[in-house]
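Written out below as structure tokens is the structure these notes cover.
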Amino acid sequence: VQTALIGKSGTALVKLQGWLKPDLAASITRRENRYVLTPLKGKTQVNKQPVTGPCELQPGDVIEVSGVVMRFDLKT
């Protein structure tokens with residue numbers, strides 16, 4: 001299992017900046033051939049839909065975490 005953290009913590013792979021940004025806002029975990037986004041703190045959306053629990057990601061999904069917008073893609 002591999003995990004990428006999103007937040008302003010020193011352990012985060014994707015760094016958020018700002019006073020009100022959470023230390024750990026969300027995580028993306030690889031489980032076999034699936035990638036799962038789990039919101040931890042702050043506002044998290046996938047394709048403009050609020051996410052309150054684990055959500056399986058698909059290539060091309062647009063992720064918004066605490067105001068930062070990213071696109072999820074897989075390199076082949």
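Numbers here simply count residues along the sequence, with the first being 1.
Between F72 and L37, every side-chain heavy-atom pair lies at or beyond the 4.5 Å cut-off.
Pairs engaging residues 11-28 under the side-chain hydrogen bond (donor to acceptor under 3.5 Å, both in side chains) rule: S9-T11 [sequence neighbours left out].
Between the CZ atom of R71 and the CG atom of N47 there is a distance of 10.0 Å, given to the nearest 0.5 Å. Here the CG atom belonging to L16 is positioned 7.5 Å from the CD1 atom belonging to I6, to the nearest 0.5 angstrom. Atom-to-atom distance recorded for L74:CG and R30:CZ is 8.5 Å, nearest 0.5 angstrom. The line from CD1 of I63 to CG of L57 is 4.5 Å long, rounded to the nearest 0.5 Å. Rounding to the nearest 0.5 angstrom, the gap separating the CZ atom in R34 from the CD atom in Q58 is 10.0 Å.
The hydrophobic cluster containing L40 does not contain V36, counting ILVMFWY residues as joined when their side-chain heavy atoms lie under 4.5 angstrom apart, directly or transitively.
With sequence neighbours left out, the side-chain hydrogen bond (donor to acceptor under 3.5 Å, both in side chains) criterion links Q45 to no other residue.
For the pair V46 and C55, the tightest heavy-atom approach, listed with the atom from each and the gap, is CG2-SG, 4.2 Å. Between P22 and S66, the shortest heavy-atom contact is CD-OG, 3.6 Å. Closest of all the heavy-atom pairs between L13 and A4 is CD2-CB, 3.7 Å. Residues M70 and V14 share a closest heavy-atom pair of SD-CG1, 4.0 Å. Summarising the geometry of P39 relative to G53, their closest heavy-atom pair is CD-O, 3.4 Å, with the distance given to 0.1 Å. In plain terms, the two heavy atoms of D61 and E56 that are nearest each other are OD2-O, 4.2 Å.
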